[in-house]
2 protein chains.
Amino acid sequence: MNSQFKKGVLELMVLKTVRRRDVYGYELVETIRQAIDVNEGTIYPLLKRLTNERYFETYLRESPEGPPRKYYHITAAGILQLDALEREWDEFHNSVCEFLKEMNERG
Amino acid sequence: MNSQFKKGVLELMVLKTVRRRDVYGYELVETIRQAIDVNEGTIYPLLKRLTNERYFETYLRESPEGPPRKYYHITAAGILQLDALEREWDEFHNSVCEFLKEMNERG
DNA sequence: ATAGCTATTTGACAATGCAAGGTAGCTTGC
DNA sequence: GCAAGCTACCTTGCATTGTCAAATAGCTAT
């Protein structure tokens, strides 16, 4: 898959996933991988950035099967950002799809 | 608009526009601007890259209202690339939209 | 000649995905 | 005990690609 398509969309997908319920990083990678191919080295820096920007808060929990997990919880600011990003994504992908259709029609 | 969304999609839009008919750079910028906000400094380097990659051929034509225009014409390789990119875009945007829907439903 | 439009090009910059590698806890089998 | 393999987290350096700002230049109208 063209990795360029992912730019910007991954932030949306991460925010959306964490809003549903608190998740830890590794789990989040697996969740998003169900939809698109994505690398751990992409997600962890993104989680760090979104936490720095106060869209997430974090806490640690012990795991029954490995090292402790860092859970991410979305903040009010994070929800606002998610809503904005989702609107922008809708507008963007509608614009692109309509444009592609128009280019099919007229010469 | 989130400028990151554009990465990768612009190449698709440019290929699609030039396949419809030969266009010159400035005209192409105006055409794509009907759909999404885009900068000249984004399009010209992209045209150069796609020409280097043999997806486009170019020729000059005098203009009745300004300096000569460089027209871009798509090659067979360009059409193949366009078809591939368009398939990838469809798959990608379907995956993302389905993922966003799923995240709405289950908790 | 001055302003404004058309048209192309370039260079420095910023955002972000990825490969690769590192650290560390836990479980299983020898 | 200890080596292998999985889970889990994190970082560094790199490549790609869009953005901004500016330079160049032809043409038209005032």
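No hydrogens, no waters, no symmetry mates; every other heavy atom, side chains included, goes into these values. Numbers restart at 1 for each chain; the letters A, B, ... are given by sequence-line order, proteins then strands.
- For residues 9-18 of chain B, every residue pair satisfying the salt bridge (charged side-chain N to carboxylate O under 4.0 Å, His left out) rule, not counting sequence neighbours, is listed here: B:Glu11-B:Arg49, B:Lys16-B:Glu86.
- In this structure, A:Ile79 is a member of the same hydrophobic cluster as A:Leu47, with clusters built from ILVMFWY side-chain heavy atoms closer than 4.5 Å.
- Checking each of A:Arg21, A:Arg61, A:Arg69 against A:Glu27 for a salt bridge (Lys or Arg N to Asp or Glu O under 4.0 Å) leaves exactly one that passes, namely A:Arg21.
- Under 4.0 angstrom from either OP1 or OP2 of C:dA7 there lies at least one side-chain N or O belonging to B:Tyr24.
- Where A:Val38 and B:Lys70 meet DNA chain C, the nucleotide closest to each residue was compared, and B:Lys70 sits on the side nearer the 5' end.
- Taking a 6.0 Å sphere around CZ of A:Arg33, one finds it holds more than 12 heavy atoms contributed by other residues, nucleotides or ligands.
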Interface polar pairs with nucleotides 19-29 of chain C, N/O, under 3.5 angstrom:
| residue | atom | partner | partner atom | Å |
| --- | --- | --- | --- | --- |
| C:dA19 | OP2 | A:Asn39 | ND2 | 2.5 |

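- Annotation: side-chain hydrogen bond (donor to acceptor under 3.5 Å, both in side chains) contacts of A:Asp22 (sequence neighbours excluded): A:Tyr59, A:His73.
- Between B:Lys70 and B:Tyr26 there is no side-chain heavy-atom pair separated by less than 4.5 Å.
- Residues A:Arg69 and B:Glu53 each lie close to DNA chain D; by heavy-atom proximity, the contact nearer the 5' end of the strand is made by A:Arg69.
- Heavy atoms from other residues, nucleotides or ligands lying under 6.0 Å from CG of B:Asn52 number more than 12.
- Residues of residues 5-13 of chain A having a heavy atom closer than 4.0 Å to DNA chain C, listed by number: A:Lys6, A:Lys7, A:Gly8, A:Leu10.
- With sequence neighbours excluded, no residue forms a side-chain hydrogen bond (donor to acceptor under 3.5 Å, both in side chains) with A:Glu88.
- The footprint of chain A on DNA chain D, defined by a heavy-atom cutoff below 4.0 Å, extends from D:dT7 to D:dT17.
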